[in-house]
Amino acid sequence: MHDTATTAPAKRHAKRRRAPTDPPASFRWTRRIVLTLLAVFTLVPVYAMISSSLKPLKDVRGAFHWIPTEPTFRPYVDMWSTVPLARYFTNSLIVAGGATAASVVIAIGAAYAVSRYRFAGRRVFTVTVLSTQMFPGILFLLPLFLIFVNVGNATGLALYGSRGALILTYLTFSLPFSIWMLVGYFESIPRELDEAARVDGCGPVGALLRVIVPASLPGIVAVTVYAFMTAWGEVLFASVMTNDQTRTLSIGLQGYSTQHEVYWNQVMAASLVVSIPVVAGFLLLQRFLVTGLTAGAVK
């Protein structure tokens, strides 16, 4: 009995002993402090938005109070009638969804060809695709505008101001990075899987759809999230390539600021509502997103 009582503290002390691979205590405390500061830096503006969206307009104009004195959900109702928010929301869903679907489908085919086949100009193609990310978006604004206008004048297709033109525009920016990212992920998948699929009677397309795509699902999800977020919050091209009927959310939110008034509480409410699809998708797919972003980098 005495031996058990004396050895129990020793065992607990042994458990508390730091392993050689554990970081030092100073590093752990520094990490906690930095993460806490980052959390505060991120969550305080979000709370300010939520608080302002629950206030009447007269309270938002005055001194800021952390807790609403007269909380109301009226801004969440009025924001749909002040501007045609539902139409902007629909336009953003169509444009972002179309650009994402096209980017993922094309990127899968291009990345599979680059990762599995050796052809003349393969390296040049890969470098060219990645180098397009070095140029700022505003550099392509005027050329794309002129292309859409001239094509419309020559063919009669109303590209400028259409959702299709905006999808093509976003595709030019999300596709290069998507191809480059999937090339690295596909190359991390053993080629023996392709050979086994062909032994079972699959052709190149069958091997891609039945073997490579299921095995690379995390990378495809990461590309999907990236392409959707790129299109969902884009402002520069949406401000030039759209009209009143095709305007997206990133531009439509400016409608809450008129010549005589700025509806700050409705702006905050609308900003929170339009952020729900991206935040919800990120939270649901974050496990695949992290795996897809890291797996292709380590072979």
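- Taken to the nearest 0.5 Å, the CD1 atom of Ile108 stands 10.0 Å off from the OG atom of Ser178.
- Side-chain contact annotation: Arg247 with Asn91, donor-acceptor N/O pair under 3.5 Å absent.
- Judged by distance alone, with hydrogens and angles left aside, the side-chain atoms of Ser92 form no donor-acceptor pair with the main-chain N or O of Trp232 at under 3.5 Å.
- Inter-residue side-chain proximity for Leu171 and Ile106 is flagged as met; some heavy-atom pair is nearer than 4.5 Å.
- Between Thr82 and Tyr256, some side-chain heavy-atom pair lies under the 4.5 Å cut-off.
- One hydrophobic cluster holds both Leu157 and Leu166 under the rule that ILVMFWY side chains link at heavy-atom gaps under 4.5 Å.
- Ring centroid separation for the pair Phe140 and Phe237 does not come in under the 6.0 Å cut-off.
- Separating the CG atom in Leu142 from the CD1 atom in Ile147 is a distance of 10.0 Å, to the nearest 0.5 Å.
- Aromatic ring centres of Phe177 and Tyr226: separated by under 6.0 Å.
- Rounding to the nearest 0.5 Å places OG of Ser174 at 12.0 Å from CZ of Phe228.
- Linking ILVMFWY side-chain heavy atoms closer than 4.5 Å, directly or via other members, places Leu43 and Met49 in two distinct hydrophobic clusters.
- Counting heavy atoms from C-beta outward, Leu249 and Leu85 have side chains that approach closer than 4.5 Å.
- Residues Phe148 and Ile138 are members of one and the same hydrophobic cluster, defined by side-chain heavy-atom contacts under 4.5 angstrom among Ile, Leu, Val, Met, Phe, Trp and Tyr.
- Taking each heavy atom of Pro45 and Thr42 in turn, the nearest pair found is CD-O, 3.4 Å.
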Begin with the C-alpha distance, continue with both residues' side-chain angles, and end with the deciding distance and a verdict on side-chain contact (heavy atoms from CB on, under 4.5 Å) for Val34 and Arg31. CA-CA 5 Å; Val34 171; Arg31 181 176 58 186; 5.9 Å; no

Test log, rule side-chain contact (heavy atoms from CB on, under 4.5 Å), inputs Ser52 and Asn265: CA-CA 5 Å; Ser52 299; Asn265 52 351; 5.8 Å; no

For residues 54-69, dump all side-chain donor-acceptor pairs below 3.5 Å to protein atoms at least two apart in sequence or in another chain.
{"residue": "Lys55", "atom": "NZ", "partner": "His65", "partner atom": "O", "Å": "2.6"}
{"residue": "Arg61", "atom": "NH2", "partner": "Glu261", "partner atom": "OE1", "Å": "2.6"}
{"residue": "Arg61", "atom": "NH2", "partner": "Glu261", "partner atom": "OE2", "Å": "3.4"}

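- Nearest heavy atom pair, residue Met241 against residue Tyr160, reads CA-CE1, 4.1 Å.
- Side-chain contact annotation: Asn243 with Thr246, donor-acceptor N/O pair under 3.5 Å present.
- Here the straight-line distance linking atom CD1 of Ile33 with atom CH2 of Trp29 works out to 7.5 Å at 0.5 Å rounding.
- Hydrophobic clustering of Ile, Leu, Val, Met, Phe, Trp and Tyr side chains at less than 4.5 Å, counting indirect connections, unites Val114 with Tyr117.
- Under the 4.5 Å side-chain heavy-atom criterion for ILVMFWY residues, no single connected hydrophobic cluster contains both Val77 and Leu253.
- The shortest side-chain heavy-atom distance between Ile212 and Phe186 falls under the 4.5 Å cut-off.
- Between Ala110 and Ile179 the shortest heavy-atom distance is CB-CD1, 3.9 Å.
- Without hydrogens or angle criteria, Ser216 side chain to Gly219 main chain gives no donor-acceptor distance under 3.5 Å.
- Counting only heavy atoms from C-beta outward, the side chains of Pro218 and Tyr185 approach each other to under 4.5 Å.
- Within the model, atoms CE of Met229 and OG1 of Thr100 stand 11.0 Å from one another, a figure rounded to the nearest 0.5 Å.
- Side-chain contact between Leu272 and Tyr76: present, with at least one pair of heavy atoms (C-beta onward) separated by less than 4.5 Å.
- Legend: side-chain hydrogen bond (donor to acceptor under 3.5 Å, both in side chains) pairs involving residues 107-116, not counting sequence neighbours, sorted by first then second residue: Tyr112-Asp194, Arg116-Asp194.
- Across every non-hydrogen atom of Ala238 and Tyr170, the tightest pair is CB-OH, 3.5 Å.
- Judged purely by atom type and a 3.5 angstrom limit, Thr169 uses its side chain to pair as donor or acceptor with the backbone of Ala165.
- Residue Gln245 holds its CD atom at 8.5 Å from OH of Tyr88, rounded to the nearest 0.5 Å.
- A donor-acceptor pair under 3.5 Å is absent between the side-chain atoms of Gln266 and the main chain of Ala270, judged by distance alone.
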